[in-house]
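Note sheet for the following structure.
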Protein chains: 2
Amino acid sequence: MLATMERTETRGAVRPQPREVLDLLEQFGSTISVQHDREIHIEGDSAEYCYRIVAGCVRIVKLMEDGRRQICEFLMAGDLLGFDALDCYDFTAEAVSDVVLRRYPRRTVDALASTNLTLARRLRDVASISLRLAHARLVLLGRKTASERIASFLLEMAERLPQSRPNVLALPMGRTDIADHLGLTIETVCRLLGHLRRDGTLGIDRGTITIRNSRALQQMASEPRH
Amino acid sequence: MLATMERTETRGAVRPQPREVLDLLEQFGSTISVQHDREIHIEGDSAEYCYRIVAGCVRIVKLMEDGRRQICEFLMAGDLLGFDALDCYDFTAEAVSDVVLRRYPRRTVDALASTNLTLARRLRDVASISLRLAHARLVLLGRKTASERIASFLLEMAERLPQSRPNVLALPMGRTDIADHLGLTIETVCRLLGHLRRDGTLGIDRGTITIRNSRALQQMASEPRH
DNA sequence: CGAGCACTTGAAAGATTTCAAGTCCAGTGG
DNA sequence: CCACTGGACTTGAAATCTTTCAAGTGCTCG
């Protein structure tokens, strides 16, 4: 669901920054706001719109019958949502914080893409890049320990989050969301963050986490090869 | 990396069956064989070719520095490989069994796609479908128990594997591969298969697993909603 | 000031892994 | 033809990691 263009190397994964693609679409878009914790669309709904996150943070959610929840992805300003949709949405999208979205009708996007080869190509790349991200997450969930997951997550946020000061992260999501993203429980997330605070790697207060020892986190993260 | 066309509902995920897309490409393809356990391409290599699996089974592998391994996906006859590649391959692809592949130069595929809007659209769908599969795997790895993973895996194989007789699975991959796909150890895989054999849900002998009680497996699998 | 929610932390329980032996074949060489 | 070796697979028992269960703490909001 992430965008493309001007590819940026992000710890192995190519993180997309849309631009030209959207210039084309821009005239067909409308701007909407979604409040904290509200749904943007629900898994299984007929896919009516694609979105670009203008501001705030969105979570991509999959639920199991019994309520277990997996957050497949967090989307930040600049990321794209729903451009990879087929007939219906594959997941629920919810606003983590108050969010501003630019919304484009899928019919229009598809119509343009079937005229404009550049756009068609971009959309293909968008999906490919999202897939690449997903593969990195499969390694994280399948093979990393809890500490490695937390370290990887913090480093990723340090790169993606808009930061007022370097290494100061204003995390938009709560501990429960982090847990459901990393395949852990909220208690494990709290405990490990607590350890990192006590050993001086992190500063934690209120919604803000400060990375005091980035090297330590990097070593702890055990990123995949390449 | 999976293909598209004539979408088939597969326990929630849309599983692709290429057809027309490839008719176009067919004249540019060549057929190659790869022996059991040989590499088809390596993560990080410049992406020269796309493939369609004609026969056999391929695994998509990501490695960590210390050797931990995640098999992101198994590909079977009919599935596509590498069509979602960007400049270089995102993962290593290896032959699980002896494999026959139809190989297409990426330059040709891209050139055709930038002429033919139908193909471009198909390739976009191919990537979207792979992404959908990946999301289902994220739920499996992030939120399912070991038993649920095994049950899900067996049910998936029952749908994807060419079967001589219904519910008789000639698994092409070994226990280690299954473990690395499900985020478990080989011992856990063996033990859980052992339980299922003893309680009559499965018959196991040599490389063949027979599903004796499909209902039991389905209940055990706890598939996501939708 | 009190309630509710997010977050912490400890202790016990539980699931999975790790460590250790085996078993069972398939292929090889005597 | 048969014993032998190696690899894949099994299984048990102990060790570990993470979760579950329980109890707080500290804000924020009304």
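All values reported here derive from a predicted model rather than from experimental measurement. Quick note: numbers below take in every heavy atom, side chains included, and nothing from hydrogens, waters or symmetry partners. Here is the naming used below: chain letters follow the sequence lines, and residue numbers restart at 1 for every chain.
In this view, B:Arg59 and B:Asp37, B:Glu94, B:Asp177 satisfy the salt bridge (Lys or Arg N to Asp or Glu O under 4.0 Å) rule, not counting sequence neighbours.
To the nearest angstrom, P of C:dT8 lies 9 Å from CD1 of A:Ile178. Here the C1' atom of nucleotide C:dA15 and the CG atom of B:Leu182 are 16 Å apart, to the nearest Å. The separation between A:Arg191 atom CZ and C:dA11 atom P is 11 Å, rounded to whole Å. Summarising the geometry, the separation between CZ on B:Arg69 and P on C:dT17 is reported as 15 Å, rounded to the nearest angstrom.
Residue-environment remark: CZ (A:Arg198) exceeds the threshold of 12 foreign heavy atoms within 6.0 Å.
Here the straight-line distance linking atom CD1 of A:Ile71 with atom CZ of B:Arg143 works out to 9.0 Å at 0.5 Å rounding. From B:Asp180, atom CG reaches atom CG of B:Leu182 across 9.5 Å, with rounding to the nearest 0.5 Å.
Residue B:Ile204 is classed as a sugar-phosphate contact, given heavy-atom separations below 4.0 Å to backbone atoms only. Residue A:Gly207 is classed as having no contact, given no heavy-atom separation below 4.0 Å to the nucleic acid. Across all strands, A:Arg149 comes closer than 4.0 Å to no nucleic acid atom at all (heavy-atom distances).
Geometrically, B:Arg103 engages B:Tyr49 in a cation-pi contact defined by less than 6.0 Å to the ring centre and at most 45° from the axis.
With respect to B:Arg197, the side chain to side chain contact (heavy atoms under 4.5 Å, CB included) criterion is satisfied by exactly one of B:Ile204, B:Asp205, B:Leu192: B:Ile204.
If you check the side chains of A:Ser152 and A:Glu148, you find no donor sitting under 3.5 Å from an acceptor. A donor and an acceptor atom, one from each side chain of A:Thr31 and A:Arg102, are located under 3.5 Å apart. Side chains of A:His135 and B:Asp90: a donor on one and an acceptor on the other come within 3.5 Å.
Both B:Gly194 and A:Leu184 lie near DNA chain D, and the one whose nearest nucleotide falls closer to the 5' end is B:Gly194.
The span of DNA chain D lying next to chain A, judged by atoms under 4.0 Å from heavy atoms, is bounded 5' to 3' by D:dT18 to D:dC21.
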Any N/O pairs under 3.5 Å between the protein and nucleotides 4-7 of chain C? List them or say none.
residue	atom	partner	partner atom	Å
C:dC7	OP2	A:Arg175	N	3.0

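OP1 or OP2 of C:dT17 has at least one side-chain nitrogen or oxygen of B:Thr188 nearer than 4.0 Å.
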